[in-house]
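This report concerns only the one structure given below.
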Amino acid sequence: MNIVLRADAGIEIGNGHIMRSLTLAKALNNQGHRVLFICKQHPGHLCHLLEAQGIEVHSIPISEDQPEHLLAHSRWLGGSQKQDAQATRNIIEESFGQQVDWLIVDHYGIDYHWQKALTRHAQNIMVIDDLADRQHYCDLLLDQTLGRIPQDYQPYLMKPCTMLLGTEYALLRPEFNQHSPTEIIQHRQSRIKQGLSRLLIMMGGTDPCDITSQILASLNLEEFTKVTVVLGSSALNIPRIQQLYKQHQQIELKINCNQIAQLIHSHDICIGAAGSSCWERCSMGLVSLITVFAENQKLIAEKLVSRKIAVELKSPLNPDSLTAQIAKITDPRFYLESVKLGLDSCDGVGTSRVVEILGNG
C-alpha cells in the first residue's frame, strides 16, 4: 500500500503527534508498505528525526494565509486548511500519481474541510484524534484515550466511519510489549522491597510550561538514588536545567532518548504529563503523578485518576507538598494496586491491531 501521514511537531504543538504517527509508520514500513510524511516547518519540527528513522519526509513551509475555519487549534496548522490541502495534493500527485491507499491525519488544526478536499487523492482517510471537538470526513477514526466511547464522536462524523476507541488501540512501539504482566508485577514487587528511590520525569518533548524545573526545585533529592529527566532537543528549558543541576550526580538529563521503554522499566515512579506517554507507562506498570497542561490531557488525567491508576500532581509545588504526594504513590499497597490497574488498562499491542485493520482496507 501507499500511505501518507500528515502530522506536525513544534515548540508549542509538542512532539506527541509525530511520535505516535511515527510508531504507526514504522510498523507499516515493516509490513512492506510505502509510507511518506508531510510536515509543516514549524520551529521545533521533527523532520530530521523522521529522516533518521528511514522515513520519507516532505516538508511544506508555513503560510501567512489566515485560517478560514476557526478551530480551537487553528493556529497550529501554520496557515489555512485550503492552502495546506493544496500542498498535500501536490505532494501526493508528485510522489504517487493520483491516489494513495490511506491518508492518515493526526492534527488538531485540521477538520472535515481539509479531509473532503483530499477525498479524490485517497482511497481511505484515517483521523487520529483525542479531542472530539470538530467535524471529520473520514473512513476510520482512532482515539486511544482510556474510556473513550462512540457517543463522543457521533455528532462530529459526517459519513459512516469505523471507530477504534480506547487503549486497545494505543500506538506503542514493540518494546512496550516485551515483558509479561506477571514479569512486570514481580519486578515492581522486588523494587518495593529494595526501596522506591528511582524517579523519572517526563513532561513531554518540549515542556512549554517548564514544569520540569518546578519539579526539580521542589524535590528532596536525598530521597532518591536516581532522577532522570527526559526532554526533546527543541525544549527551551534544557540550558537552564543543565546549568542549575550539573553538580547533582544523581540527576541525569536525556535528550531525544530512544530507549524510553528501558527507562520506564528501570525506574520506580514517574512525574509526567498526562499525554500519550501515559499509555507507555501503564503498559509497563510505572506508577505516576500526572499533570495537565494541554487540552487533550484533561480527559486522560480524569480517567487515570478516577480509576486509581495515577494521582494528579497538585499545586503549588513546594518541597513539603511534593514529598507528601510522592509518599502517597510509593505506599506499598497503593503502589502495587496502581501497577496492576495500569497493566490492565493497556496491553501494549495496539499498534499491531491498527496495522492489521489498515491492511484489510
Side-chain angles (χ1 to χ4, degrees), residues 2-22 24-25 35-51 55-96 98-100 102-122 124-138 141-142 156 158 204-206 208 232-236 275-276 293-296:
N2 293 323
I3 301 163
V4 168
L5 291 103
R6 175 71 186 91
D8 284 337
I11 294 171
E12 181 182 8
I13 299 169
N15 297 346
H17 300 276
I18 288 290
M19 297 310 295
R20 66 185 176 188
S21 294
L22 174 59
L24 181 57
V35 180
L36 181 152
F37 261 87
I38 299 176
C39 306
K40 275 274 176 66
Q41 298 171 355
H42 294 283
H45 67 78
L46 294 178
C47 293
H48 57 288
L49 182 146
L50 295 173
E51 291 168 345
I55 300 294
E56 186 177 355
V57 183
H58 284 246
S59 63
I60 52 180
I62 294 174
S63 169
E64 294 183 0
D65 292 358
Q66 293 300 307
E68 66 275 67
H69 310 290
L70 291 179
L71 306 174
H73 295 82
S74 288
R75 69 183 184 279
W76 285 15
L77 191 58
S80 70
Q81 290 198 59
K82 181 178 179 180
Q83 179 273 337
D84 196 287
Q86 182 60 58
T88 300
R89 284 196 298 267
N90 292 343
I91 293 171
I92 290 175
E93 290 173 358
E94 292 169 4
S95 302
F96 300 99
Q98 184 63 27
Q99 193 177 65
V100 293
W102 281 99
L103 174 59
I104 302 173
V105 188
D106 187 348
H107 206 299
Y108 296 158
I110 286 174
D111 71 356
Y112 77 97
H113 295 96
W114 188 101
Q115 294 150 12
K116 290 189 77 170
L118 270 298
T119 52
R120 288 197 298 176
H121 287 70
N124 302 282
I125 294 178
M126 174 183 176
V127 169
I128 302 175
D129 190 29
D130 44 31
L131 290 181
D133 70 342
R134 62 203 186 282
Q135 291 181 299
H136 295 294
Y137 191 87
C138 60
L141 185 140
L142 166 64
Y156 298 109
M158 302 184 68
T206 60
S233 57
S234 57
L236 300 179
S276 56
F293 56 82
E295 186 66 29
N296 67 307

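Residue indices begin at 1 and follow the sequence shown.
- A side-chain donor-acceptor contact under 3.5 Å links D8 and H107.
- Note that CZ of F96 and CD1 of I3 are 8.5 Å apart. Values are rounded to the nearest 0.5 Å.
- Nearest heavy-atom pair across P208 and F293 is CD-CE1, 3.9 Å.
- When side chains are defined from C-beta on, S74 counts as touching L71, because their heavy atoms get closer than 4.5 Å.
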side-chain contact (heavy atoms from CB on, under 4.5 Å) evaluation trace for C39 with I60: CA-CA 6 Å; C39 306; I60 52 180; over 6 Å; no

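- Listed by chain and number, the residues in a side-chain contact (heavy atoms from CB on, under 4.5 Å) with H113 are H69, Q81, D111 (sequence neighbours excluded).
- Using a 4.5 Å heavy-atom threshold, the side chains of M19 and L46 count as touching.
- For the pair V35 and A25, the tightest heavy-atom approach, listed with the atom from each and the gap, is CG1-CB, 3.7 Å.
- Separating the CG atom in L142 from the CZ atom in R20 is a distance of 7.5 Å, to the nearest 0.5 Å.
- Taking 4.5 Å as the limit, some side-chain heavy atom of H136 sits within range of a side-chain heavy atom of D129.
- For R75, the side chain to side chain donor-acceptor pair (under 3.5 Å) test picks out E12, with sequence neighbours left out.
- Contact of the M158 side chain with the Y112 side chain is registered, since non-hydrogen atoms from C-beta on lie closer than 4.5 Å.
- Panel note: side chain Q115, backbone C138; no donor-acceptor pair is recorded below 3.5 Å.
- Minimum heavy-atom separation, I62 to G78: CG2-O, 3.5 Å.
- For S80, the side-chain contact (heavy atoms from CB on, under 4.5 Å) partners at least two apart in sequence or on another chain are D65, E68, K82, Q83.
- Between L49 and L22 the shortest side-chain heavy-atom distance falls below 4.5 Å.
- With sequence neighbours left out, A122 forms a side-chain contact (heavy atoms from CB on, under 4.5 Å) with V100, L103, I125.
- Using a 4.5 Å heavy-atom threshold, the side chains of L5 and D106 count as separate.
- Across all non-hydrogen atoms, the minimal contact from L77 to R6 is CD1-NH2, 3.8 Å.
- Residue pairs meeting the salt bridge (Lys or Arg N to Asp or Glu O under 4.0 Å) criterion with at least one member in residues 38-47, sequence neighbours excluded, are K40-D84.
- Between S59 and Q41, some side-chain heavy-atom pair lies under the 4.5 Å cut-off.
- Every side chain to side chain donor-acceptor pair (under 3.5 Å) that Q86 has, sequence neighbours left out, goes to R89, N90.
- The two residues S234 and T206 have their closest heavy-atom pair at OG-CG2, 3.4 Å.
- Scanning for ring pair (Phe, Tyr, Trp, His ring centres under 6.0 Å) contacts around Y108 gives H17, H73, W76, with sequence neighbours left out.
- In this structure the side chain of W102 never reaches within 4.5 angstrom of the side chain of V4, judged on heavy atoms.
- S95 is linked by a side-chain contact (heavy atoms from CB on, under 4.5 Å) to R34, L36, H58, I91, counting only residues two or more places apart in sequence or in another chain.
- Legend: residues meeting side chain to side chain donor-acceptor pair (under 3.5 Å) with N15, ordered by chain and number and at least two apart, are absent.
- With rounding to the nearest 0.5 angstrom, the CD1 atom of I92 is 12.5 Å from the CZ atom of R120.
- Under the side chain to side chain donor-acceptor pair (under 3.5 Å) criterion, E295 pairs with K298, not counting sequence neighbours.
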